[in-house]
Amino acid sequence: MAVVFERTKGLRPVSTHYCPGCTHGIIHRLTAEALEELGVLDRAIGVAPVGCSVLAYNYFNCDMQEAAHGRAPAVATGIKRVLPDKFVFTYQGDGDLASIGTAEVVHAAHRGENISIVFVNNAIYGMTGGQMAPTTLAGQRTTTSPLGRDPLHAGYPIRIAEMLAMIPGAAFIERVSVDSPANVRKAKKAIKRAFEIQLEGKGFSLVEVLSTCPTNWGIEPPLALKWLRENMIPYYPLGNFRDKTKEEATDE
Amino acid sequence: MAAKGKVTFSRDLCKGCGLCVSACPLKILEMDRETINEKGYNPAYCADPQKCIGCANCAMMCPDQVITVERF
């Protein structure tokens, strides 16, 4: 008998505060497994955001630093520049990275900082009670858009992966989803590749992970995954938007 | 048919979200409506262990790392 799946050492043996069915748990696990498999747990420094995942520092089994709202890429830049031997990653939600912290992430990418970012997009502000986020889909009902988001009034949802892929300093940008076991396995590969890019010193890497918020969407967890598949993936297409290592290979 | 795999649940970590139940290709996982765990949820369990193939799809989708999977 062989154990084919057990709890990763990259996560501390504690229960998380996340709501039942919240895919933050899956994304935490994928990030921790990637750290463990690459053997960087003992020299990894994570930067936690503000939002639902603000307590990420209680769960990852590596050194963690809390940043002010949206400023995780700026804090990570400082840590990486002072301690270039360390592996530095940030774990941010869409309320953190895509709204108040957009400037930080755009400039970190433009500077080509050698850091990795796990960006969790669930199209809503979870922690504060389900308000409309920049990533909320057109027509999606939230507590601050009870009739559905009206793009004429509230603008269009922001596609972070596509935007960052245009930036010359960005080395690796990919969007994945955790709506099915197959997609979870793909997400793991993408996160691991993004981390390898940093270890190879190639520069800025970001993985956008489409996630659910069963509580604030008001949908049962399994149906929330279906909602993600049917509504979010058409607007936020999955795939790799930039991989500098491949571009270099084709140039030669 | 003999079981090819085995799933073990850390029941007190389970939040009863049911993502493992919907991910199981053989539909052998269920929520245990008779039990309430430490957190106050009905935890998931394997209703027909003989059919388990050890594919680990349930563990892949579990947000709380409740499930350990073994394969024979």
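Chain naming here is simple, since letters A, B, ... match the order of the sequence lines and numbering starts at 1 in each.
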Checklist entry - Is the NZ or CZ atom of A:Arg159 both under 6.0 Å from the centre of the six-membered ring of A:Tyr235 and within 45° of that ring's axis? => result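 Because its charged atom sits under 6.0 Å from the ring centre and within 45° of the axis, A:Arg159 does stack over A:Tyr235.
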Next on the checklist: Distance alone, cut at 3.5 Å: any donor-acceptor contact between the side chains of A:Ser205 and A:Ser116?
Outcome noted: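 A:Ser116 and A:Ser205 do have a side-chain donor-acceptor pair below 3.5 Å.
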Next on the checklist: Regarding B:Arg11 and B:Asn37, do their side chains bring together a donor and an acceptor under 3.5 Å, going by distance alone?
Outcome noted: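 B:Asn37 and B:Arg11 do not have a side-chain donor-acceptor pair below 3.5 Å.
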Interchain contact, [X] with chain B, by part (heavy-atom threshold 4.5 Å):
X        : answer
A:Leu30  : neither
A:Val3   : both
A:Ser180 : backbone
A:Ile27  : neither

Next on the checklist: Let's test your reading of the structure: which of A:Ala182, A:Pro214, A:Pro222, A:Cys22 forms the most heavy-atom pairs below 4.5 Å with chain B?
Outcome noted: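 Sorted descending by pairs with chain B, the first entry is A:Pro222.
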Checklist entry - Hey, are A:Lys226 and A:Glu230 close enough for a salt bridge, meaning a charged N less than 4.0 Å from a carboxylate O? => result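 Salt bridge between A:Lys226 and A:Glu230, a charged N being under 4.0 Å from a carboxylate O: yes.
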Checklist entry - Taking 4.0 angstrom as the limit, do A:Lys189 and A:Glu174 come out as a salt bridge? => result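 The answer is no: the pair does not qualify as a salt bridge.
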Item to check | When B:Ala59, B:Ser10, B:Ser22 are compared by non-hydrogen pairs under 4.5 Å with chain A, the top option | outcome: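 Greatest number of close heavy-atom pairs with chain A: B:Ala59.
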Checklist entry - Is the distance between the ring centroids of A:Phe172 and A:Phe241 under 6.0 Å? => result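 Between A:Phe241 and A:Phe172, which both carry aromatic rings, the centre distance is not below 6.0 Å.
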Is chain A contacted by the side chain of [X], its backbone, both, or neither, given a heavy-atom distance below 4.5 Å?
X       : result
B:Cys62 : backbone
B:Cys55 : backbone
B:Thr68 : both

Next on the checklist: Quick one: does any side-chain atom of A:Arg29 pair with a main-chain N or O of B:Met60 as donor and acceptor, under 3.5 Å?
Outcome noted: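 Such a contact is found between A:Arg29 side chain and B:Met60 backbone.
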